[in-house]
Amino acid sequence: MEKINLEGGKAITQHHGNTIDTAKNNKYFWCFLLLAIPLAFYMRFVFFSVFGSDDLAYAKNALDIANGNFKTQAHPFYNRIGLILPVAILYKLFGFNEYISIVYPFLCFLINLLLVFISGILFFNIRVGILAAILLLFLPLDVIFSTLLMPDLPASTFISICSIIFLYCEMRSVKWESILYFISGLSLGWAYLIKEYSLFFGIFLFVYVFISIFKKRAKFGWIYLGIGILLPIMMELAYYFFKTGNIFYRINAIETTHNVSVWSGMHYHDYTLLKRMVFDLLSVLLTNRLFSFNFFFIFSCITLVILEKRNQKELWYFVLWFGVMFLSLNFCPTSIKSYNLLQPMDRYMYLFICPSVILLGYYLNRLYEEIQLKRLYILSRKLIISLAVPLIVMIIFNIVKYSLSDIVFISTIILIIGILYLLPFVSYRYEKWMSLGIVGLFVFFNITPSVYMTIRHLIKNPCNGRNISAFIKRLPPKLIYADNRTKSILEYLDG
């Protein structure tokens, strides 16, 4: 466990008797972050466009609320009030246009960025916070969805607020503990109003509370947490009871109109159910380029944490958060009447994006510290195992698309394993540049897909590409989607 002392106004990291001059070495991380922010924001403007499906329905319903024409209907597009109400308020204040529609999800992206940065600093050190922020900035999934009016990003933001405040109250003695627990619960309740699967996080809280009670660490503040969670839910139930006479109106709407597995015409039985539970979600996480190579290294990080058995409660909290959300998304049904599982769609993974990038920042920081302290040869065997485990899983389950990027990536991982094997025989004369080089290589793997995706999008979709000058000077031209449903919604919204 590292400790930070101040000696003569300079921050010194102490780690097992050795020191790292954080004030001197961290400047490279700060420079990288300052360079990354404008590029990441530019990439989000490039992908700023109408999705052409769900987001148009949310925009229409928000506009109805702003104009006082909203009517309760049995469909989730009308019932996710946590998403459409803030947008309706923005429409009322600033009028309807395409740019106002994405203010809410973009603000949620900024909050997420701030959360992972502060969490890394608060529970680990400043390098973890910077690395986590950089990884989130260039996550392809976030690049696209931070400028789309979809519920998954805002829901993940309020889940993360709930989780980080909860962890802070658990780890620290704070004066306003009861109020913070209540705000934490209120955030999860609001996340449920944005999207229903947010309640999966309640499973994580239940597991955490159960473990704490088993270890005799129960806290009175959990009562305020429960009150905060129930308050928005009870208000919604009361609203639907007075409007429709059915207290479970929203639940019935999901069952009858938008149970995702039924809506897509997919039921999982026998082999398909086994394949869905064992293979499909892993395949999405490890091969979908919207996640870059993040989840490969996240599984490597979790393997390393298990091998090291570090007695660091904050670290295990993030591992548990990721693990429970992964299992919930994999095994929890979308229906209370039958065992129908969610399709493993990329945007649903927002449930565990926050702990993912923090764990990945921790993993990269461990590499950096061990090289700086000239001790990586001690950790090299565990690092080799941590990299080999997800690689073996990919090979066993054949989670490889045999594309050029897969071949290059797997070849590079094997090369890194070989380098780690030889590290005990390598001189540490240039340990600073070696540590920065290895961390830079890992970061490079995670940001390259986003940069490539942006360049390809600008070349292939010039009519839909958004560059800064066009954004500032005028509304840039954009392709109109061809299907009749989208065209009619666009015409309705544009008056």
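Note that these values count all heavy atoms, side chains included, but never hydrogens, waters or copies made by symmetry.
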>> If you count every heavy atom of other residues, nucleotides or ligands that lies below 6.0 Å from F331 atom CZ, does the total exceed 12?
In response: yes

> Are there more than 12 heavy atoms of other residues, nucleotides or ligands under 6.0 Å from atom CE of M234?
Replying inline: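 Counting other residues, nucleotides and ligands, CE of M234 stays at 12 neighbours or fewer.
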
>> Checking R347 against I144 for the side-chain contact (heavy atoms from CB on, under 4.5 Å) test, could you report, in this order, the C-alpha distance in whole Å, the side-chain angles of both residues, the deciding distance, and whether it holds?
In response: CA-CA 10 Å; R347 67 176 186 270; I144 293 173; over 6 Å; no

Within a strict 4.5 Å, meaning less than it, do heavy atoms of the [X] and [Y] side chains meet?
X: Y350; Y: L141; result: yes
X: P154; Y: L83; result: yes
X: L114; Y: L110; result: no
X: L135; Y: L364; result: yes
X: C301; Y: F297; result: no
X: V305; Y: Y363; result: no
X: I126; Y: W30; result: yes
X: M171; Y: L122; result: no

Measure the [atom1]-[atom2] distance between [X] and [Y] for me, rounded to the nearest 0.5 Å.
X: Y348; Y: D152; atom1: OH; atom2: CG; result: 7.0 Å
X: I164; Y: S187; atom1: CD1; atom2: OG; result: 11.5 Å
X: L225; Y: I183; atom1: CG; atom2: CD1; result: 12.0 Å
X: L39; Y: I37; atom1: CG; atom2: CD1; result: 11.0 Å
X: L188; Y: I229; atom1: CG; atom2: CD1; result: 4.5 Å
X: I159; Y: K195; atom1: CD1; atom2: NZ; result: 10.5 Å

> Run the side-chain contact (heavy atoms from CB on, under 4.5 Å) check on N112 and V116 step by step: do they pass?
Replying inline: CA-CA 6 Å; N112 271 353; V116 299; 5.6 Å; no

> Yes or no on side-chain contact (heavy atoms from CB on, under 4.5 Å) for V207 and I211, after CA distance, side-chain angles and deciding distance?
Replying inline: CA-CA 6 Å; V207 171; I211 294 172; 3.9 Å; yes

Does [Y] offer a backbone N or O that forms a donor-acceptor pair with the side chain of [X] under 3.5 Å?
X: N61; Y: A57; value: yes
X: K219; Y: C169; value: yes
X: N67; Y: N69; value: no
X: T157; Y: L153; value: yes

Identify the two heavy atoms, one from [X] and one from [Y], that lie closest to each other, and give their separation to 0.1 Å.
X: S198; Y: A191; answer: OG-O, 3.0 Å
X: I203; Y: C332; answer: CD1-SG, 3.6 Å
X: S101; Y: L149; answer: O-CD1, 3.6 Å
X: I165; Y: S184; answer: CG2-CB, 3.9 Å
X: P151; Y: I194; answer: O-CG2, 3.3 Å
X: E236; Y: N79; answer: OE2-O, 4.0 Å

> Quick one: is the NZ or CZ of R44 closer than 6.0 Å to the six-membered ring centre of F109, and within 45° of its axis?
Replying inline: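 Relative to the ring axis of F109, which defines the angle, R44 lies inside both limits.
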
>> Distance to the ring centre below 6.0 angstrom and angle to the axis at most 45 degrees; does that hold for K243 and Y240?
In response: no

>> So, using side chain to side chain contact (heavy atoms under 4.5 Å, CB included) as the criterion, who are the partners of L199 when residues are at least two apart?
In response: Y192, I233

Mind listing the side-chain donor-acceptor pairs of residues 352-359 below 3.5 Å, one per line with the distance, residues two or more places apart or on another chain?
unit_1, atom_1, unit_2, atom_2, d
S356, OG, F352, O, 2.4

> What side-chain hydrogen bond (donor to acceptor under 3.5 Å, both in side chains) pairs are there with at least one residue in residues 162-171, not counting sequence neighbours?
Replying inline: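 Found S163-Y317, E170-Y181, E170-Y208, E170-W222.
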
> Given R250 and E196, is the salt bridge (charged side-chain N to carboxylate O under 4.0 Å, His left out) satisfied, shown in steps?
Replying inline: CA-CA 10 Å; R250 183 181 180 186; E196 302 77 19; 2.9 Å; yes

>> Students often mix this up, so state it plainly: with edges at 30° and 60°, are the rings of F322 and F299 parallel, tilted or perpendicular?
In response: perpendicular

>> Set out, in order, the CA-CA distance, both residues' side-chain angles and the distance that settles side-chain contact (heavy atoms from CB on, under 4.5 Å) for L351 and F201, then state yes or no.
In response: CA-CA 8 Å; L351 275 174; F201 188 74; 5.8 Å; no

>> Between F106 and F41 (judged by ring centroids, cut-off 6.0 Å), do the two rings come close enough to count as a pair?
In response: yes

>> Can a side-chain donor-acceptor contact be found between N365 and R127 if the only test is distance below 3.5 angstrom?
In response: yes

